[in-house]
Amino acid sequence: MPIRELSPTDAHARQRAGAVLVDVRGELERVLGMADAALGVPVDELKARPADHLPDSATEILLICQGGRRSLLAAEALAALGYRNVSTVAGGTDAWQANGLPMQRTDIDEDFGDRYSRHLRLPEVGLHGQRKLEAARVLLVGAGGLGSPAAYYLAAAGIGHLRIADDDVVDRSNLQRQILHTDAGVGTPKVVSAERALNALNPRTLIDAVAERVTPANVDRLLDGVDVVIDGADNFPARYLLNDACVKLGKPLVYGAVHRFEGQVSVFDAGRQRGVAPCYRCLFPQPPPPEAAPNCAEAGVLGVLPGVIGLLQATEAIKLLLGLGESLRGRLLQFDALAMRFRETRLDADPHCPVCAPDRVFPGYTDYAAFCAGG
Ligand SMILES: [Zn+2]
């Protein structure tokens, strides 16, 4: 027996007369909009346990999906199970909505639903994950080459609160890679320029612009309340300071660095996983002598390189916030742009590390600020 397809208007009238309307789409589709008073039961669940969701095989049942195809298949399955009075809504929820029929109120607004629809459709993110991102607080140190792509994508992804710390002003030589900034912004504080660009992209993301360099005096305050720290400063004083602060305060640190045609990225999570996850000092207990530190001398860098590394940092930050996948914890990922190769090195926690060894009392911050003075 062929399944009867009803127009949305007829289906609505039948629903008002007592028919049960069942939306067979997945939860993630339903949060973006569902016919009013519909029962949400994903198609597989409905087929597996119809009796748990439907009154009885004689009651009139209307099935609806997005465009009308899935509901038809579901109706055929129900008919095969003995449900005699099953119809579907032609054109699905799209047609229902286009006909101006009542929709269920959802707790997400239209901007949220539209803006994050590609996340909401991923079962691994979904509404739950997007809410997590919205509630997340990220500290990004540096609004430069690494910070630019990281900040753009974090804001685009819907990070609710992004604190950006940088005391620099935009220089024309930055524009080859620091894409948050524009030619018109030369001479503007980087955090101001960054806030402007990020607000234009996603006004939902609250930008906390802090025009300060990270120092032993302010690092605890900068890390206060944040879930993830991203090191986009790419200099030794900031790197060691952020590492030590993240160990002390138990925050995951997404590390990134670039030099000429090569970059590297990792996640240091020793603060939360003492003795298991390494910190940066497990690799390099002390900074190299200033004359051996290329950052101080402003070595050249291929403009796209921090783009690649900064995006890997943003990816790791989002994964950490969502609890998704396998982080770079305990792995150093190195990228060679000229060979177009990624290489991975395993990193172990150093049981004698000066800051993160399990029995170690926090030694206090070291001020490496004078470190680059001669550079
Ligand atoms: Zn360590």
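- A distance of 7.5 Å separates SG in Cys356 from CG in Asn243, rounded to the nearest 0.5 Å.
- In this pair, Tyr255 and Phe268 present their aromatic rings tilted. The plane angle is within the 30 to 60° band.
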Q: Take Asp168 and Arg213, measure what salt bridge (Lys or Arg N to Asp or Glu O under 4.0 Å) needs, and give me the verdict at the end.
A: CA-CA 8 Å; Asp168 216 356; Arg213 175 175 292 255; over 6 Å; no
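- Tyr116 does not carry Arg131 over the face of its six-membered ring by the limits of under 6.0 Å from the centre and within 45° of the normal.
- Judged by distance alone, the side chain of Lys190 and the main-chain N or O of Gly144 form no donor-acceptor pair under 3.5 Å.
- Remark: Phe261 CZ is packed, more than 12 non-hydrogen atoms of other residues, nucleotides or ligands lying under 6.0 Å away.
- Here Leu54 contributes atom CG and Leu63 contributes atom CG; the two are 8.0 Å apart, rounded to the nearest 0.5 Å.
- Ring geometry for Trp96 against His12 counts as perpendicular: the plane angle is over 60°, on a 0 to 90° scale with 30° as the lower cut.
- Within 6.0 Å of CZ on Arg221 lie more than 12 heavy atoms contributed by other residues, nucleotides or ligands.
- No hydrogens or angles considered: nothing links the side chains of Ser117 and Asp114 as a donor-acceptor pair under 3.5 Å.
- Phe362 and Tyr365 have their aromatic ring centers within a separation under 6.0 angstrom.
- Counting non-hydrogen atoms of other residues, nucleotides and ligands closer than 6.0 Å to CD of Gln97 gives a total of 12 or fewer.
- Here the side chain of Gln313 pairs a donor or acceptor atom with the backbone of Val254 at under 3.5 angstrom.
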